[in-house]
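Here the structure comes first, spelled out in C-alpha cells, and everything after it is commentary.
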Amino acid sequence: MSMAVYPAPLCWISTDTPGPQLAAALRAEHRRSGLWPLLLCDSDETFGERCTVGVTAPEPLEHIDRWRVHDVMARIWDGLVQADDELGPAYDLDVLAPFDYTCPGPAKAGNLLADPDVLANQQLPKLVDEDTRLALVPVKRGADVLTVLGWSGAANHVSRTAGLSAMARSWEERFGARILRLGPDRLDMSVAAPPQTTEHAAAVAAEHWTFCPDRILQETGSISAYAAEIRGRRTWSFWWD
C-alpha cells in the first residue's frame with residue numbers, strides 16, 4: 001500500500017531505537033505539539049501484511065465520537081455469547097463467571113494511585129528493546145491511535161476500531177490509562193487507577209473480554225481468573241490472534 005493513498009502522514013517513525021527519556025519528554029510536549037509519542041514493537045515498519053501502520057484505511061476521528069462505552073461493550077458481548085441453534089451457547093457460564101450471558105456494562109472508575117503521565121513514563125523502559133521504534137501520531141489523545149493509524153491488529157475480533165478507541169478513551173478517564181506501545185497484533189498501556197477489589201477487578205475484566213477476548217480465553221481461560229491477574233496491576237497488555 002502506498003503512502004500516496006493518504007492526503008497527510010499518518011505518523012512519523014524514528015529510524016533508531018528511542019530512549020525512554022525522549023518518549024517521556026515528547027509526552028510532556030504533547031499538548032503543545034499535538035503529537036502523541038507511541039512505541040512501535042517492530043523495527044520494520046514498512047507497508048505490508050506484518051506491520052502496525054497503514055494496513056487498512058484509517059477511520060475518521062468522528063467515528064469514535066459516535067460510540068458510547070456501554071453500547072460498544074453490549075454489542076460485542078452479545079455477539080460473543082450468541083447461541084447457535086444446534087450447538088447451544090458459545091461459552092459455558094464458567095468462562096463468564098461471575099457474570100452470565102447478559103452484558104454487565106462498564107465498571108466504575110478506579111482511584112488514582114499515581115499521576116497517569118508520570119506512571120506512563122516510568123513504564124517506558126520495560127517496553128523498549130532493539131526492535132522498538134518511536135512514532136509521533138497527530139492526535140489529541142492516545143486512545144485515538146487505534147483508529148487513525150490504519151491499524152489492523154484486532155481485525156479478527158472487530159472489523160473497525162473506532163469502538164475500541166472509544167473504550168480506550170474511557171479507560172483514560174476512568175483508570176488513568178495511557179497507551180504506550182502498539183504492534184501488529186498487540187497493545188500495552190499503563191494504568192494509574194487499577195481495580196483494587198475482587199469485585200471491581202471482575203467488572204474491569206468483563207470490559208477487557210469484550211475488548212480482547214483472545215487475551216483472556218487463551219491465557220487465563222475465564223473472566224474471573226483474568227480478574228485476579230489484573231487486580232492492582234499498573235499495566236494492561238492485550239494481544240489478538
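Here the structure is a predicted model, which means the values were calculated and not measured.
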Interatomic distance, Asn156 atom CG to Trp240 atom CH2 [nearest 0.5 angstrom]: 11.5 Å
Backbone of Pro106 reached by a side-chain donor or acceptor of His70 within 3.5 Å: no
Minimum heavy-atom distance Gln123-Ser190, with the two atoms named: CG-CB, 4.1 Å
Heavy-atom donor-acceptor pair, Asp71 side chain to Ala74 backbone, under 3.5 Å: no
Donor-acceptor contact below 3.5 Å, side chain Thr197 vs main chain His200: yes
Val191 and Thr235, any side-chain heavy atoms less than 4.5 Å apart: no
Candidate pair Leu93 and Tyr101, rule side chain to side chain contact (heavy atoms under 4.5 Å, CB included), full reasoning: CA-CA 8 Å; Leu93 286 175; Tyr101 298 120; 3.6 Å; yes
Flag side-chain contact, heavy atom, 4.5 Å: Arg181 against Leu40: no
Over all atoms of both residues, closest heavy-atom pair of Leu124 and Ala23: CD1-CB, 3.7 Å
Mutual orientation of the aromatic rings belonging to Trp77 and Trp209 [parallel < 30°, tilted 30-60°, perpendicular > 60°]: perpendicular
Lys/Arg-Asp/Glu bridge criterion (N-O < 4.0 Å) met for Glu59, Arg66: no
Pair Arg32 + Glu29: basic N to acidic O under 4.0 Å: yes
Euclidean distance, Asn111 CG relative to Leu113 CG, rounded to 0.5 Å: 7.5 Å
Arg178, Arg27, His30, Gln122 screened by side chain to side chain donor-acceptor pair (under 3.5 Å) with Asp117, the one that passes: Arg178
Basic-acidic side-chain contact under 4.0 Å: Arg141, Glu173: yes
Short side-chain to backbone donor-acceptor contact, Ser222 and Ala225, under 3.5 Å: yes
Residue pair Leu96 / Asp100: nearest heavy atoms and the distance that separates them: CD1-O, 3.4 Å
Pair Lys126 + Asp188: basic N to acidic O under 4.0 Å: no
Exercise: identify the closest heavy-atom pair between Ile179 and Gly142: CD1-O, 3.7 Å
Heavy-atom neighbours of Arg186 CZ exceed 12 at 6.0 Å: yes
Side chain to side chain contact (heavy atoms under 4.5 Å, CB included) between His157 and Ile76, intermediate numbers included: CA-CA 9 Å; His157 174 46; Ile76 296 176; 3.6 Å; yes
Residues Glu229, Arg215: salt bridge by 4.0 Å N-O rule: yes
Minimum heavy-atom distance Arg133-Thr15, with the two atoms named: NE-O, 3.2 Å
Expected output: side-chain Asp92 to main-chain Asp94 donor-acceptor under 3.5 Å: no
Parallel, tilted or perpendicular: ring planes of Trp236 versus Trp171, cut at 30 and 60 degrees: perpendicular
Exam field: side chain Ser165 to backbone Ala143, donor-acceptor pair closer than 3.5 Å: yes
Considering all heavy atoms, the nearest Thr17-Glu130 contact: OG1-O, 3.0 Å
Glu199 CD: over 12 foreign heavy atoms closer than 6.0 Å: no
Under 3.5 Å donor-acceptor, Asp214 side chain and Asp241 backbone: yes
N/O donor-acceptor pair under 3.5 Å between Thr210 side chain and Glu207 backbone: yes
